[in-house]
Structure formats: structure tokens, C-alpha cells
Amino acid sequence: MRFLITLSLVLLLKLDSIGQNSCAGSQTIGPGTTSVGTINGTAATLICDSKTAGTKAEWFAYTATTDGYANITTDLPVNSGLDTNMYIYSGTCGSLTCLASNDDITPANVSSKADFPIASGTTYYIVFDNRWSSSGFDFQITENTVSCSVTSPPVQENFSNMDTILACWNLIDSDLDSRKWFVQDFDLDENPGLDGNPCIVSRSWDATSSVNPDNWIISYSIDLSSYSTNDDLYLNWKARGFNSNFPNENYTVYVAEGNNTSDFLSSGVSFNEVIGQNGGAGETFVDRNLDISSLAGKIVYVAFRHHDMPSSQYELHIDDVQISTALLSVEEHDSNSFKQYYKDGYLTLKSDGHSISHLMLYNILGQSVLTKALSNPTEIVDISSLKDGIYISKVQINDTIKTSKFIKY
């Protein structure tokens, strides 16, 4: 009897030691801090980047407790100087899908960190391998609750809410180079934080090396069920090849009923261009649109894909994505002589040296909602009483009318 008890204890200890050494035996964890022992388990066969994989790995099964996005990081004081490598999967052990990965946060910070969308009750697999080290460490999971409800037109996305981007848009790194679409803010008010002028960016040049991107960013679901094919429905957006010397970024916009890349590739509703060869070279955004009336009555998704570069350029920028019954195309103003931005209920107008004499605002239907006489080169106008939505402004400076769009949110 004593032998049997001893043997049972040995078996239990052995099972506990290999409990996180394979996908099927993943250690069940939740939000908070988890300690990883020596990395000596089964390596992952599905690699989510283009680097050489480790030969051993440790596996964890994390089940989300909310809808939104999770952050996983090894950038903790207890891990100072330790080099980690991380993969995150959705699906099942027999059919895993790469959801996120990270080797180094920056070249100087060799810890790992990643954000990814989560759904309450869904299990995700987190894997750390020994690409750089087999030493143990701690990692931390933080959950952020975000609602990603179905949206109906007029849809407007100006990328000013990071939580929405992280939780509700799907970012896919199809070329496995660990680079995805990201949000970058082009500061207007010189204060920290997003100030109403962010956009999404995908790079074809990074630091000192060329990049051959195949990056997707896929929207949340958009409900067009209240429309018929007799209605005019348009997808509107702004685009630019940010570096005027290297502006020839190739991209495609798709609209489809499904949100997998295969759905978009088979969709008959798409738009493709090399932006620098089509008037979009440099810092000035150009307006683009796509007739999506054929998808009226459906639930749809929008995808932007930066891909198939003939040669590396610099950065593709996309902003002000909108779905409406109006074809929104306005005259671009000279960004060097006039600036406009919205924040916290106020519209700020700035002209270099010349007084602004008049402001006229129109809603998405072209109806006048505000007319105001002005007199200074810089004017701050309270528009907090207006409903959230897309607006077109016409600003008179001397004998010139500057026309542009903005989104009040």
C-alpha cells in the first residue's frame, strides 16, 4: 500500500510538471500575473512570424471574462533584461489560428507585449518559446471591456478611439513580418494624446530596411439591412502616400458579407490604386469613394489591404472612413496656410496671418446647421450643441473659401 501511494504521488507530480508543456495540456489561467517555469515543453508548429522558431515551448489556455481586448506583457520589473518570445492563437489545438505575436517591444526592450481582441467565454492559447532563453519569468494579462455593436449608416470612423481599434477592428499580418496597421497621431494642438487628427498607418519601409507588406485591417460589422439596391450607398475614405518622394503605396479596399480574407478576395466590390500615381503624394489627403449599393440589405465588413508593393516606399495613411448615402468629396485646403481640428465640443480654425471672416457648417445631408461671423486668424467655435456625425465646413479667408470635412464625436 505504501508503494502504491508513493507511486501515485510521483505520477501526480510528474503530470503537474508537464501540465503546460503542450497545447492539449495547457495550463488554465485568467487575468492577472502568471509564472512560467523552465521552457521545456513541445514547440509550436504554427509560427506567427518570419523568424526561426524555438525548439521548446510552454502553453497556457486563457479564457476571456469580458468582450473587448486583452494586453499580455512580460515587460515587468521581475523580468528585467530577460528576452522573451510570444505567440497568441485562437481556435482549438487541432486547428490553431495566429492571432498575435511579439518578440521584442522595441530593439532596446526585448520583453514581449501584444494586444488582441477578445470575446467573453472564448479560450485563447498563449505560447512562450525558447527562441532566446529557456529561463522562467512572469507575464501579465489585463482585460479591457469594449462594446463592438453592429453599426448602421451613417458610419464614421476617424480612428480617435484606440479601444475601438484594438477591440473591434481585426489586424492581420499576412506576411508574418511582425508589422501591422497601427494608429499614429499627427499632433495639431501640441498637447499629449489623440487630438482628433489620428489615422491608420501601414509601412513599406521601417527604420533602415525595406518592408514588403501584406497587411489587413478589417472593420466591425456594418448593418445595411434597412437599405435596398435602389438606394445610393457609398464607402468614403481619405488616403495618402505620406512621403512625397516615395508615395507609390499599393492598396486595395474591399467590402464583403464575410470578414475572412477569403471573403474579401472573392468579393466583387473593391477598389485598388497606387496612391502616389493618383494624386495622393505627400501630406495632403485625397478623397476616395466606392459605390457599395449592390450590398444593400446585407451585414457587411470593410477591409483595407496594403500589399504587392513593386518596391518599398514609406507609409500608407488612411483616415475618415465613412459609409453614407452621400458621396463625400470636398476641396482640399492648403495645410500650410489653414488648419482645422475638432476636440471636446470645439472646432478650432487656424489661418497663417489672415483673419477668418466666416464659418458655415453643413451636415452629411448638405443642410446648413451653423453660420457664424468671425474676425481673427485663430478662432475656437463651440459646436457642442450639434449632434455627433460628419460635417462639412466652409471657412472664408479673404476672398477664398476653404472646404473640408471633420467628424464630431
Side-chain angles (χ1 to χ4, degrees), residues 156-160 183-201 236-245 247 275-276 279-289 315 317-322 324 326-409:
Q156 56 238 357
E157 179 61 76
N158 66 351
F159 306 105
S160 62
V183 175
Q184 182 164 326
D185 189 39
F186 290 83
D187 190 67
L188 290 174
D189 62 7
E190 299 179 357
N191 292 322
L194 301 180
D195 61 12
N197 196 39
C199 64
I200 52 171
V201 177
N236 301 278
W237 69 95
K238 290 183 176 182
R240 66 185 179 189
F242 185 59
N243 187 318
S244 59
N245 294 316
I275 185 66
E283 296 185 18
T284 300
F285 278 103
V286 291
D287 288 290
R288 295 290 182 258
N289 59 75
E315 290 181 353
H317 294 183
I318 302 292
D319 201 5
D320 292 349
V321 178
Q322 305 148 13
S324 72
L327 186 61
L328 298 180
S329 181
V330 299
E331 175 189 353
E332 293 291 337
H333 56 70
D334 182 356
S335 61
N336 293 323
S337 62
F338 174 72
K339 292 181 179 180
Q340 168 186 286
Y341 57 89
Y342 166 80
K343 187 177 183 181
D344 298 335
Y346 292 91
L347 184 66
T348 298
L349 312 170
K350 290 185 176 182
S351 172
D352 292 347
H354 298 286
S355 293
I356 300 169
S357 60
H358 217 78
L359 168 66
M360 296 158 284
L361 289 184
Y362 302 85
N363 64 17
I364 194 172
L365 301 176
Q367 300 165 329
S368 176
V369 295
L370 178 72
T371 299
K372 190 175 183 65
L374 305 171
S375 59
N376 299 303
T378 297
E379 295 278 359
I380 300 176
V381 181
D382 184 353
I383 59 170
S384 57
S385 62
L386 298 180
K387 295 180 180 180
D388 290 353
I390 304 166
Y391 290 92
I392 297 173
S393 68
K394 292 188 176 183
V395 177
Q396 184 171 350
I397 304 172
N398 294 332
D399 296 326
T400 302
I401 299 293
K402 306 289 187 180
T403 305
S404 55
K405 292 196 299 283
F406 69 95
I407 298 177
K408 181 182 182 297
Y409 54 93

J.: Identify the heavy atoms of I383 and K408 that sit nearest to each other, and give their distance.
T.: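 Closest approach of I383 to K408: O-CE, 2.9 Å.
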J.: What are the two closest non-hydrogen atoms of I356 and K350, and how far apart are they?
T.: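 That closest heavy-atom pairing would be CD1-N, 4.3 Å.
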J.: Taking the inter-plane angle between the rings of Y342 and F406 on a 0 to 90° scale, is it parallel (under 30°), tilted (30 to 60°) or perpendicular (over 60°)?
T.: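 It falls in the parallel class, under 30°.
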J.: At their closest point, which heavy atom of V286 faces which heavy atom of G279, and how far apart are they?
T.: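 So the two residues come closest at CG1-O, 3.2 Å.
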J.: Is it true that atom NE2 of H358 has more than 12 heavy atoms of other residues, nucleotides or ligands lying nearer than 6.0 Å?
T.: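 Atom NE2 in H358 is crowded, with more than 12 foreign heavy atoms closer than 6.0 Å.
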J.: Using modelled atom types and a 3.5 Å cut-off, is there a donor and acceptor pairing between side-chain atoms of R288 and backbone atoms of K238?
T.: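 Absent.
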J.: Evaluate side chain to side chain contact (heavy atoms under 4.5 Å, CB included) for D320 paired with I407, printing each intermediate quantity in order.
T.: CA-CA 8 Å; D320 292 349; I407 298 177; 4.2 Å; yes
J.: Look up atom CG in D319 and atom CG in N158, then write down how far apart they are to the nearest 0.5 Å.
T.: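 Nearest 0.5 Å value for the CG-CG distance: 6.5 Å.
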J.: Mind listing the closest non-hydrogen atom pair of A239 and I275 along with its distance?
T.: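 For A239 versus I275, the nearest heavy atoms are CB-CD1, 3.9 Å.
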J.: What's the shortest heavy-atom distance between S160 and P198, and which atoms?
T.: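 In terms of heavy atoms, the two residues are closest at CA-CG, 3.7 Å.
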J.: Shortest non-hydrogen contact from T284 to R240?
T.: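 What the structure gives for the nearest pair is O-CB, 3.8 Å.
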J.: Looking at T348 and I380, would you say the former's side chain and the latter's main chain have a donor-acceptor pair under 3.5 Å?
T.: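 Not a single qualifying donor-acceptor pair exists.
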J.: Could you state the interatomic distance from OG (S351) to NZ (K339), rounded to the nearest 0.5 Å?
T.: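 S351 atom OG to K339 atom NZ measures 11.5 Å (nearest 0.5 Å).
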J.: Going from OH on Y341 to CG on L347, what distance comes out if it is rounded to the nearest 0.5 angstrom?
T.: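 So the gap between those two atoms works out to 10.0 Å.
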J.: Verify, without hydrogens or angle tests, whether D382 (side chain) and S384 (backbone) share a donor-acceptor contact under 3.5 angstrom.
T.: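 Flag set: sc D382 to bb S384 pair under 3.5 Å.
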J.: In Å and rounded to the nearest 0.5 Å, what is the CG to CH2 distance from N289 to W237?
T.: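 One gets 6.5 Å once the value is rounded to the nearest 0.5 Å.
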J.: Got a second to check how far S357's OG is from K372's NZ, nearest 0.5 Å?
T.: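 Reported to 0.5 Å precision, the distance equals 13.5 Å.
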J.: To the nearest 0.5 Å, how far apart are CD1 in I390 and CG in N363?
T.: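 Those atoms lie 10.0 Å apart.
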J.: State, yes or no, whether a side-chain contact exists between L359 and V381 at a heavy-atom distance under 4.5 Å.
T.: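 When only atoms from C-beta onward are counted, V381 and L359 do touch, with a gap below 4.5 Å.
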J.: Quick check with a 6.0 Å cut-off and a 45 degree axis cone: is K394 positioned over the face of Y362's six-membered ring?
T.: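 Output yes; distance and angle both within limits.
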J.: Does the side chain to side chain contact (heavy atoms under 4.5 Å, CB included) test come out yes or no for L386 and L361, once each step is laid out?
T.: CA-CA 10 Å; L386 298 180; L361 289 184; 4.0 Å; yes
J.: Is a donor from one side chain sitting under 3.5 angstrom from an acceptor on the other, for Q340 and S393?
T.: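 Yes, a side-chain donor-acceptor pair sits under 3.5 Å.
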J.: Does N236 form a side chain to side chain contact (heavy atoms under 4.5 Å, CB included) with S324? I'd like the steps, not just the answer.
T.: CA-CA 8 Å; N236 301 278; S324 72; 3.8 Å; yes
